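Just so we're clear, the structure is a prediction, and the values are computed from it rather than from any experiment. Numbering of residues begins at 1 and proceeds along the displayed sequence. As a basis for the values below, the full set of heavy atoms in this structure was taken, side chains included, without hydrogen atoms, waters or symmetry mates.
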Amino acid sequence: MFDEVYYVPDALAYLDGGAETTWVHPPLGKWLIAAGIRVLGDTPSGWRIASLVFGGLVVLLTYLLALRLLGSRGWAAIASALVATDGLQIVQSRTAMLDVFVATFILAGVLLAHVYGRPSSAEHQSKPIWLAASGVMFGAALAVKWAALPVLGFAAVAVVVASANRRSEALRVVGWLGLVPVAVYVFSYARFWSQEGLDLGGWIELQRSMLSYHLGGVGGHSYASSPVGWLLLRRPVTYFFAARGNTVQHIVALGNPLLWWTFVAMLPWLVRAWLRRSDHAADVVLLGFAATYVPWLLVRRTSFLYYLTPLVPFLAIGVARALQRLWQSSFPRAMRHGAAVSYLLATFLTAALLLPVWIGLPIEHDHWRRLILFPGWK
């Protein structure tokens, strides 16, 4: 389906001792797909098992980060449930593409950086290890897709700004969030070095070619869309469609509308909380949003909504934080509790209704038309 036609053949080439043919992204994501094929064979399950495993890790990591930010197991569980029932997360976790790998490594890097910056008494004993581990995770994210670079930059700045001694902290950050990710990235090209020797010029030329590709012009792909409309889910990407008689099977990488549109509505509150420095959870969510979404507004090449896969955990944590604030507010108890519970039920019901077009279940054509609310969703 969709870009699987590039990444699965590359993974098979790796296993056969050959080289990739799609060089526009670094190798690590394709090696992860290859690992799944090694375990389950050259089958659809083999192609996609790595994505499924990493998709599950995103749910777990969301819980762990939300637990630190929200201070409640219940609200952390709600945040992870919102991720687990988001359509974009579900589709990318079932498809042999690269974005769920990027999302996992980015989320792990942010979590470890947060542990470093705000360690508990038990974590403080091994504090530098957390920053080093964060650097490894960010390096792995870069070795899947360059889209992780802005997140690394934002995280590095946040760690320095939060420090009492910014000069010495900056030196540590240069080492652990600078040199370590670079080392991981270079190591991800082990196959290149083994085949080409220490051809540093050839490797640099490959990086220049990748950069030239990513700075290229906008093409005419039918599912390409402007990042301006991504948060509103104006043009998701269809990965599979088949109609047989009155039955339709459709797989569309579409986020849960109630989750995404609620996050858009709460963006002003996030910005206000950041300006007032009144809510640390909102600070981290806004940082994740700025790093995974805003840079795409500056990119001129052909782009697709599924590039926002790494944003989904931050959407979920942000909405969970807003619900937590509502739950703890001074409004009448029945009103605030009723509103929060009603929203969650509506969000999970929306996920249940849209599940057929996230996993390709056969449904009647008339039912499919009721699910596809807008022309851009086809």
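Counting non-hydrogen atoms of other residues, nucleotides and ligands closer than 6.0 Å to CZ of F241 gives a total above 12. More than 12 heavy atoms of other residues, nucleotides or ligands sit less than 6.0 Å from atom OH of Y223. Annotation: R234, atom CZ; neighbour count of heavy atoms from other residues, nucleotides and ligands within 6.0 Å does not exceed 12.
Residues passing the side-chain contact (heavy atoms from CB on, under 4.5 Å) test with L287 are F154, A158, sequence neighbours excluded. With sequence neighbours left out, the side-chain contact (heavy atoms from CB on, under 4.5 Å) criterion links V174 to no other residue. By the side-chain contact (heavy atoms from CB on, under 4.5 Å) test, A96 pairs with E4, V8, I33, W47, R48, sequence neighbours left out. Remark: H337 pairs with W327, R333 by the side-chain contact (heavy atoms from CB on, under 4.5 Å) rule, at least two apart or across chains. Considering only residues two or more places apart in sequence or on other chains, Y306 meets the ring-ring contact (aromatic ring centres under 6.0 Å, His included) condition with F2, F304. In this structure, the ring-ring contact (aromatic ring centres under 6.0 Å, His included) partners of W193, at least two apart in sequence or on a different chain, are W203. Scanning for ring-ring contact (aromatic ring centres under 6.0 Å, His included) contacts around Y14 gives W31, with sequence neighbours left out.
Looking at W75, its side chain never comes within 3.5 Å of a backbone N or O of L69 through a donor-acceptor pair. Using a distance-only test at 3.5 Å, with no hydrogens or angles considered, a donor-acceptor pair links the side chain of S80 to the main chain of A77. A donor-acceptor pair under 3.5 Å is formed between the side chain of D86 and the backbone N or O of L88. At least one donor-acceptor pair under 3.5 Å links the side chain of R235 to the backbone N or O of S222. The main-chain N or O of L82 is never found under 3.5 Å from a side-chain atom of Q89 such that the two would form a donor-acceptor pair.
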Which donor-acceptor pairs under 3.5 Å do the side chains of residues 348-373 make with protein atoms, sequence neighbours left out?
residue, atom, partner, partner atom, Å
T350, OG1, A346, O, 2.8
W358, NE1, L254, O, 2.9
W368, NE1, H250, ND1, 2.9

Please report, to 0.1 Å, the donor-acceptor pairs under 3.5 Å made by any side chain of residues 132-150, with sequence neighbours excluded.
residue, atom, partner, partner atom, Å
S134, OG, G109, O, 2.8
K145, NZ, D99, OD2, 2.9
W146, NE1, Y185, OH, 2.9

Side-chain donor-acceptor pairs under 3.5 Å in residues 49-66, sequence neighbours left out?
residue, atom, partner, partner atom, Å
S51, OG, T95, O, 2.8
T62, OG1, V58, O, 2.7

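Judged as a ring pair (Phe, Tyr, Trp, His ring centres under 6.0 Å), the pairs with a partner in residues 253-276 (not counting sequence neighbours) are, in order, F263-F289. Within the structure, the salt bridge (Lys or Arg N to Asp or Glu O under 4.0 Å) test picks out the following pairs touching residues 307-329 (sequence neighbours left out): D279-R321, D279-R325.
Relative ring orientation between Y307 and W230 is described as perpendicular, the plane-to-plane angle rising above 60° on a 0-90° scale split at 30° and 60°.
In the model, Q249 has a side-chain atom that pairs as donor or acceptor with a side-chain atom of R244 under 3.5 Å. Counted by atom type alone, Q92 and Y239 present one or more donor-acceptor pairs between their side chains at under 3.5 Å.
The CG atom of L70 sits 10.5 Å away from atom NE2 of H280, with the distance rounded to the nearest 0.5 Å.
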